[in-house]
Amino acid sequence: MAEQGLVNPAGAFTTVTTFVSGVDANGIEVPYGRTERVYRANAAITVGQVLAFVAPTATVPVSVTPFVIAADFRLFAGVALEAAAAGAFVRVCTEGHCLVFANAQTVAALDAVFTPAANTGEATFSATDPTATTIVGNILGVAFGVKNATTNLVGCNIRQN
């Protein structure tokens with residue numbers, strides 16, 4: 001019988017000290033379970049921004065832009081997995097684990113992740129459960145823990161409603 005090495009289907013991340021960065025010590029992306037799509041960026045996008053769809057035109061395909069507070073929640077496209085300039089293509093997490101931009105917010109494990117409260121594409125995090133007056137569809141997912149102090153990104157489980 002031929003020799004066969006041991007294979008860990010999840011990968012070997014023995015040098016990772018924190019999974020908040022989304023990459024191991026060698027810069028290799030950790031294969032979190034998620035669904036990704038690629039869209040055209042309609043505006044400049046940074047990692048972790050909550051994105052909304054922009055309807056296509058006769059000359060421009062469907063694209064994404066940072067979510068603005070005036071946007072209808074039904075336009076929620078996902079969360080940016082990378083930075084992109086306007087007109088470039090960007091990978092978008094539509095469901096599953098990804099890093100979400102929290103800026104100056106305090107985030108704790110199991111905080112609900114809501115649609116942005118400002119025109120920055122920054123999600124809103126809250127430990128308060130939604131009430132009957134809260135539109136439940138505005139909940140994007142749940143935070144796994146505190147944010148990274150350097151990047152202001154926090155691991156979250158995003159879901160499509």
Next on the checklist: Classify the ring geometry of Phe53 against Tyr39: parallel below 30°, tilted from 30° to 60°, perpendicular beyond 60°.
Outcome noted: perpendicular

pair [X]-[Y]: side-chain heavy atoms closer than 4.5 Å:
{"X": "Arg159", "Y": "Ile139", "value": "yes"}
{"X": "Thr124", "Y": "Thr115", "value": "no"}
{"X": "Phe144", "Y": "His97", "value": "yes"}
{"X": "Thr120", "Y": "Phe101", "value": "no"}
{"X": "Val38", "Y": "Glu36", "value": "no"}

I'd like to know if the side chain of [X] and the backbone of [Y] have a donor-acceptor N/O pair within less than 3.5 Å.
{"X": "Glu122", "Y": "Pro116", "result": "no"}
{"X": "Gln105", "Y": "Ala123", "result": "yes"}
{"X": "Glu82", "Y": "Arg91", "result": "yes"}
{"X": "Thr94", "Y": "Thr35", "result": "yes"}

Treating Ile, Leu, Val, Met, Phe, Trp and Tyr as nodes and any side-chain heavy-atom pair under 4.5 angstrom as an edge, say whether [X] and [Y] lie in one connected cluster.
{"X": "Phe67", "Y": "Val79", "result": "yes"}
{"X": "Leu75", "Y": "Ile158", "result": "no"}
{"X": "Val100", "Y": "Val107", "result": "yes"}

